[in-house]
Amino acid sequence: MTPDRRVNPGGLGYLPTVSSPRALALAALVGYAAGLVPSASLAARAASGGEVDLRTAGSGNPGGANAAAVLGRRWGYAVMAADITKGAVACRFGRRLAGDRGQHVAGVAAVIGHCYPVTHRFRGGKGVATSVGQCLATLPVYVPIDLGVATAVAAGPWRQRAFPATMAASATWVAASILWWRRQLPNAWGGPVTVWHPIAAAASSAIIATRFLAGRRP
């Protein structure tokens, strides 16, 4: 079910009508299932014949960065691409199931599924690449800016500090979502930007932050 949109007379851009709870629940379920796809584990199995487990090798994080360090750059890029795809596909299915709000529910659920997979005792990756896929589907015009921020941070004093660098990029994503919503700026294939864009960006950023903090605890 895709809800119609109406223009907010207060000048705050498009506000979507409410999707049914059942449709939103289904979007969340589909998004979480997409997040469960074990990209890093599949890559490790293919690269090593099952001898390497990225959850115990290297940093222990089943993500693209650890895959690159343990398996090589090509495998790392492949894992990143797969994780980005998970987030984007989840959002597209969520949009088909429950409209504008559904794509955000599914995108956030995909990040949760990647970070806290029930199939691996809720021990997953950091969710950064999956959130990039979420952004690619819902706010595509911001993605080049996000890559620019990431490049600038990588060359700066936070080069070896992934957590503050990620939080800086996340804060920029939330701020950009608010700007695009309030100004109703063009958004390519992402469609009109609604209030749910900054809400979803903030939710995924919070999930990623909790995953980083959990990984830093002894």
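We count residues from 1, following the sequence as given. Heavy atoms only: backbone and side chains are in, while hydrogens, waters and symmetry mates are out.
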Could you walk me through whether Leu139 and Trp181 pass the side chain to side chain contact (heavy atoms under 4.5 Å, CB included) test, one step at a time?
CA-CA 10 Å; Leu139 195 65; Trp181 166 50; over 6 Å; no
Does the [X] side chain pair with the main chain of [Y], one donor and one acceptor, at a distance under 3.5 Å?
X      : Y      : result
Arg211 : Gly125 : yes
Arg55  : His120 : no
Gln184 : Val193 : yes
Arg95  : Ala137 : no

Side chain to side chain, [X] and [Y], heavy atoms closer than 4.5 Å:
X      : Y      : value
Asp100 : His197 : yes
Val141 : Pro186 : no
Tyr32  : Leu29  : no
Thr119 : Pro38  : no
Lys126 : Thr166 : no
Cys135 : Asp146 : no
Asn187 : Pro192 : no
Val111 : Gln134 : yes

What do you reckon, is CZ of Phe93 surrounded by more than 12 foreign heavy atoms closer than 6.0 Å?
no
Counting only heavy atoms from other residues, nucleotides and ligands, does the tally under 6.0 Å from CZ of Arg45 exceed 12?
no
List in chain and number order the residues that pass side-chain contact (heavy atoms from CB on, under 4.5 Å) with Leu54, two or more places apart in sequence or in another chain; answer none if no residue qualifies.
Ala40, Ala44, Val52, Asn66, Ala67, Val70, Leu71
Starting from the C-alpha separation in whole Å, work towards a yes-or-no answer on side chain to side chain contact (heavy atoms under 4.5 Å, CB included) for Phe212 and Val128.
CA-CA 10 Å; Phe212 265 96; Val128 176; 4.0 Å; yes
Is it possible for you to say whether Ile145 and Trp173 belong to one hydrophobic cluster, with membership spreading through side-chain heavy-atom contacts below 4.5 Å?
yes
With a 4.5 Å cut-off on side-chain heavy-atom distances among I, L, V, M, F, W and Y, is there a chain of contacts connecting Tyr142 to Val195?
yes
